[in-house]
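Input: a single structure, listed below in structure tokens.
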2 protein chains.
Amino acid sequence: MELWVRIPLRKSHGTPTDSNSEYPKDSWELWNAFRRLCDYDSNLSVALDVESMLLPSQNSLERWLGESVKAVIISTEVIADCFVQTARGYLLTSYGEELITRFFHHSVQIIISGSTLHDLQKESVNITEGKFSLVLVGADGTHTHPYKPYWDYVSNLFYSMELLSEQERIELRYRDRMCTLSQPLKDNLDAEAYEMLEQDSYKYIQYKRAIARALKDRVPNEKASELTTVLMVVGAGRGPLCQSIIGAEKTDRKVKVYAVEKNPNAVVTLHDLVKANGWEGTVTVISCDVRFWNAPERADILVSELLGSFGDNDLSPECLDGAQRFLKPDGISIPFSYTSFIQPVTTSKLYSDIKSHNKHSYFETAYSVKMHSVARLAPSQPVFTFTHPNFSKKHNNEGYRKLYFDLPRDMGSALVHGFAGYFEAFLYDDVHISIEPTTTTPNMFWWFPVFFPLVKPVEVHSKTPIEAHFWRFNDSTKVWYEWSVATFPTGSPIHNTNGSSYWIDL
Amino acid sequence: MELWVRIPLRKSHGTPTDSNSEYPKDSWELWNAFRRLCDYDSNLSVALDVESMLLPSQNSLERWLGESVKAVIISTEVIADCFVQTARGYLLTSYGEELITRFFHHSVQIIISGSTLHDLQKESVNITEGKFSLVLVGADGTHTHPYKPYWDYVSNLFYSMELLSEQERIELRYRDRMCTLSQPLKDNLDAEAYEMLEQDSYKYIQYKRAIARALKDRVPNEKASELTTVLMVVGAGRGPLCQSIIGAEKTDRKVKVYAVEKNPNAVVTLHDLVKANGWEGTVTVISCDVRFWNAPERADILVSELLGSFGDNDLSPECLDGAQRFLKPDGISIPFSYTSFIQPVTTSKLYSDIKSHNKHSYFETAYSVKMHSVARLAPSQPVFTFTHPNFSKKHNNEGYRKLYFDLPRDMGSALVHGFAGYFEAFLYDDVHISIEPTTTTPNMFWWFPVFFPLVKPVEVHSKTPIEAHFWRFNDSTKVWYEWSVATFPTGSPIHNTNGSSYWIDL
């Protein structure tokens with residue numbers, strides 16, 4: 001059974017909700033109070049009733065994108081009010097169009113309700129000038145179904161939506177589908193994963209750019225013919241980073257490459273790649289776990305792509321700490337720095353999916369997920385930063401960060417289901433790759449954001465900051481995160497204490 | 001494993017806690033934030049550190065009585081500060097004594113810490129005048145263990161505590177032990193329960209008083225010899241109410257009693273009682289469920305004791321509605337009115353016990369429990385009232401009540417684990433019985449309060465009222481309660497929706 005609750009889309013500005021008033025000024029709070037009483041039941045959805053095209057602020061609307069909105073009901077009266085009569089007929093205001101279009105992107109049904117208000121006799125067809133206006137008489141001059149004009153209008157909005165990009169189309173089937181994160185040290189990638197990894201060509205362009213710059217900085221033009229730069233690829237896989245290095249040879253620098261890879265299946269393909277390209281003189285393939293390898297010489301540059309969606313979650317810090325023992329004292333690491341980011345989100349969809357498993361540990365696990373039905377409640381903030389190489393003897397890779405997130409003032413209250421996690425990495429100089437929304441590298445699809453759920457959604461108010469706590473811990477066998485959230489006067493327990501539910505094996 | 005967290009007993013007055021401050025002014029909030037991070041783990045307890053005998057307000061201390069306080073640590077320095085030096089030696093201020101005594105009542109250990117500060121040489125013994133003062137030299141003039149004086153003092157406080165009353169001693173073993181509520185219509189009481197019920201003699205004194213007054217009001221003195229009043233005892237059990245009626249015969253009114261009882265085992269004893277007392281001419285025993293009995297005549301007075309701890313929870317309304325069909329139009333019911341009450345409470349003990357079963361439905365069940373480790377956060381308020389007889393055709397026994405509870409201003413924040421439930425009943429005129437704390441009938445022990453738990457404790461602040469919702473529902477087979485709580489900005493789901501976890505069979 002599914003229950004759709006009809007909620008007016010309403011939020012008056014001014015004073016915040018009075019706790020004693022019977023009907024909240026912000027209808028989101030009505031919805032929130034109701035579903036809280038229903039214990040966040042997954043069968044509960046919203047049918048938003050657009051009462052007027054004088055819509056609440058963008059920030060306050062944003063919240064609904066993280067909710068389970070199934071339908072938007074627009075009365076003919078509202079449409080009549082907001083259609084602008086032009087020489088070409090009626091046109092919906094662009095704001096109204098934008099609202100409907102946004103909900104189309106979330107597969108929301110549009111329902112037209114009420115009696116037909118436009119006089120079918122007086123209006124005429126007009127679909128010229130590329131802009132579709134309200135058709136009130138059929139093209140052949142006869143009356144169509146009285147609601148057909150409205151239907152035509154809405155469906156025209158649908159068809160005039162911008163087409164999805166190729167990347168978006170590829171990602172369509174991953175939308176809001178959670179995957180557990182990989183165990184990069186314990187498990188080997190399979191061929192399909194390598195295929196997908198290597199398809200992310202833009203990433204390797206950035207690597208090539210970074211390597212080229214590093215080579216030039218390391219070896220001045222006048223010494224290009226005499227000095228050979230030693231590069232070690234830590235986790236070479238089936239060879240894409242080797243290709244980036246060879247591609248960077250346009251700098252005319254001489255390179256010597258050790259391609260270290262622990263996965264024997266990948267090594268076979270890597271050997272083939274080297275042979276097929278005639279790189280035997282340049283690239284030496286080492287079939288070994290980098291942690292247990294003894295390098296025959298020290299490297300100028302370590303090149304790796306060990307980053308996970310949350311930056312350090314694939315244990316790049318631990319691997320590079322191990323690998324830097326065969327880096328020259330002035331050697332460099334590509335990437336040389338990476339930072340994880342988090343952002344509080346509303347996402348009823350993901351919360352319901354996790355809840356459906358009825359297992360506490362599922363709420364204490366981070367997932368990789370292409371978030372779509374999500375409301376991002378505040379700009380993301382950096383959590384943990386790692387730099388390489390790090391020869392300080394005292395450093396360790398544990399960390400703790402407390403962050404305060406402020407909701408936009410005009411958003412109203414909101415519900416935090418958890419945190420979206422991202423990373424930004426600097427390869428060399430300012431050459432970077434990122435999945436953090438504001439600095440994201442376009443056309444890169446290997447990484448989906450991470451989602452850290454909360455076992456119980458936490459209600460927050462625009463006047464009170466969200467206080468998030470994130471920890472990164474390790475012991476001799478594993479690395480794990482713990483997280484909790486507090487907002488006056490309430491909060492969550494600490495999730496995943498001692499890595500009891502989710503960890504990454506060392 | 002048990003973990004005791006040492007928390008200073010501290011609460012500064014003035015402005016409420018600033019959400020940005022690192023250390024809350026009210027140390028209860030420190031404790032609350034910590035155990036919330038630990039997800040209200042049952043192994044977590046408090047060792048309260050008394051830093052100064054300038055104690056926080058009584059209301060704010062009250063909260064700790066609902067918490068799992070295992071120890072109170074008092075430093076010798078604090079004791080030194082607050083001992084009043086008198087001619088007879090040192091005396092603890094009465095407020096300090098009261099604090100320690102209160103915690104003794106909750107089996108809390110008292111720990112004296114710090115170095116011995118009183119000069120053993122200079123002081124002398126004094127235990128005269130019934131008041132025990134600090135003994136700093138052994139009775140024989142030799143030095144005792146340096147801490148012995150402190151120990152003596154504390155243990156003397158223990159021994160000088162008021163003895164428990166007989167009722168309290170009987171109830172000792174029931175303290176904080178939850179029992180599920182009875183199914184009065186489905187199940188029959190056993191002999192032990194009847195024994196206990198009948199021992200509650202004060203209750204029957206009240207019934208006798210009420211019946212006597214009703215008889216006098218109904219039959220004027222001058223008609224006492226000619227009119228016979230017909231009484232029906234609905235649920236006569238083994239006969240205590242019959243005894244109350246016969247006892248009320250001192251009014252010289254003539255009575256005829258029908259004692260209706262559905263439990264065949266009780267009927268046997270009831271017959272014996274009638275025979276043994278020679279009541280055959282007055283009392284007719286009817287072995288029948290009152291709902292299916294056809295009375296040979298109409299009654300003047302219905303007498304019943306069908307009340308549960310929450311008043312109507314033993315289905316007195318439904319039974320008396322059924323029984324009133326053989327009541328005269330001007331007939332009366334004893335009791336004629338009863339009201340349930342609720343009160344928000346902190347009770348870590350009961351919450352932990354329920355949680356230990358790891359079953360959601362246990363949180364949606366009401367229990368009968370002699371609450372001891374409990375903090376009552378606000379005065380109780382009436383919920384549902386029933387009056388009898390009620391010949392209105394439209395009335396039904398469903399109900400809904402919304403209540404607002406204000407925490408005392410000087411209490412600070414608190415945690416609501418659920419609601420304590422009580423009842424007050426009026427038998428006749430102003431003759432009443434009650435277990436509601438402010439109107440409680442002394443020396444009555446049959447009823448323990450009811451506890452309605454919350455699946456997740458709700459944090460409340462003295463500035464925001466607690467909004468409680470209670471429903472009483474019935475269908476053709478059962479009666480049940482639902483409840484929820486809200487406090488800006490958060491709240492609970494509705495508990496026991498559709499009576500899914502807890503109900504009373506009709």
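Protein chains get the first letters and strands the later ones, always in sequence-line order, with residue 1 at the start of each. Quick caveat: nothing in here was measured; it's all calculated off a predicted structure. These numbers come from the heavy atoms of this one structure, side chains and all, not from hydrogens, waters or symmetry mates.
Residue B:Ser492 holds its OG atom at 7.0 Å from CG of A:Leu37, rounded to the nearest 0.5 Å.
With chain B as partner, the option from A:Arg35, A:Arg36, A:Glu459 having the largest number of non-hydrogen pairs under 4.5 angstrom is A:Arg36.
Heavy atoms of B:Ser484 lying under 4.5 Å from chain A belong exclusively to its side chain.
In plain terms, the two heavy atoms of A:Asp39 and B:His360 that are nearest each other are OD2-CE1, 4.3 Å.
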